[in-house]
Amino acid sequence: MAARVLQQCVRSFARPSLRLCSSNLALRVTAVQAVAVHRPLSFAADSRRTRWLVQSRIPSVGVLCRQYGDLPPLTLETIKERVMYVLKLYDKINPEKLQTSSHFMKDLGLDSLDQVEIIMAMEDEFGFEIPDAEAEKLMTPEEIVQYIADKKDVYE
Amino acid sequence: MLRHSKLQKQVLALYRQFLRAGQDKPGFLPRIRDEFRENSRIKKTDVMHIEYLYRRGQRQLEQLRNANTKQLGSFSKPKERG
């Protein structure tokens, strides 16, 4: 039982450099298991050894490739969810009354100072600067989503 | 209030700079918000007062940005009971 586990562990490496020592391991394993069920285990060891020999033909160098890390791609849906989530966390907004089309000043009763704070929270969330001239025009969550989608080239 | 006047835009820009500068140092943000909210009550026509407060705010922003300021605290009087 333990021998089978050992064999599986060695097999999972699948390296031809291990071929020699793994065949030794198989031999040693068969020697240990001499008392127990001997014949099927040795047969299995033999077949595995031949399989390893066959596998050694495969070149050990894998496909050369570069890997980069990046954030998950933005879609309109994810932008909208993040914007609404940030707005719900703001303590001056009632989460039940919040819709995508609710105007900050007319529907939610905020003033321009609050609107500056909200835009700053959006800047922190999405990681890019929004200039003042355009920031003061964004009055509903829908407009914020549109603006971010424009800036980040997200379209469907 | 669809379009802000020049002065309003300046005040909002100052508010934004204050919030950015005060993010890392503890104790400044509540004071900034209270101060701006308190002064938002003065009339739009009282330009002298607004400009005075604006210049004062700019000087305080320079103080805040100075690397030597670390935090802000305040004393408050406990509420009288009975």
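All chains are named by letter (A, B, ...) in the order of the sequence lines, taking the proteins before the strands, and each is independently numbered beginning at 1.
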Shared hydrophobic cluster for [X] and [Y] (ILVMFWY, side-chain gaps under 4.5 Å):
{"X": "Tyr90(A)", "Y": "Tyr15(B)", "answer": "no"}
{"X": "Ile118(A)", "Y": "Val145(A)", "answer": "yes"}
{"X": "Met120(A)", "Y": "Leu110(A)", "answer": "no"}
{"X": "Leu72(B)", "Y": "Phe18(B)", "answer": "yes"}
{"X": "Leu19(B)", "Y": "Ile144(A)", "answer": "no"}

Legend entry - Contacting moiety of Asp124(A), where chain B heavy atoms sit under 4.5 Å: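 Just its side chain gets close to chain B.
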Legend entry - Heavy-atom side-chain proximity of Arg16(B) to Asp132(A) below 4.5 angstrom: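 A side-chain contact exists here, since the closest heavy-atom pair is under 4.5 Å.
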Inset, instruction - First locate atom CD of Glu136(A), then atom CD of Gln8(B), and finally report the distance between them rounded to the nearest 0.5 Å. - result: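 So the gap between those two atoms works out to 9.5 Å.
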Inset, instruction - Using a cut-off of 6.0 Å, state whether more than 12 heavy atoms not belonging to Lys151(A) lie near its atom NZ. - result: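 Check fails, neighbour count at 12 or below.
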Inset, instruction - Check whether more than 12 heavy atoms from other residues, nucleotides or ligands sit under 6.0 Å from atom CZ of Phe128(A), and answer yes or no. - result: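 Above 12, so yes.
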Legend entry - Neighbourhood of chain A inside residues 23-39 of chain B, taking heavy atoms under 4.5 Å as contact: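 Gln23(B), Arg33(B), Phe36(B), Arg37(B) fall under the 4.5 Å cut-off.
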Legend entry - Non-neighbouring partners of Phe104(A) that pass ring-ring contact (aromatic ring centres under 6.0 Å, His included), sequence neighbours left out: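 Applying ring-ring contact (aromatic ring centres under 6.0 Å, His included) to Phe104(A) gives none.
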Legend entry - Verdict with supporting geometry, Leu12(B) and Leu113(A), side chain to side chain contact (heavy atoms under 4.5 Å, CB included): CA-CA 7 Å; Leu12(B) 290 176; Leu113(A) 293 175; 4.0 Å; yes
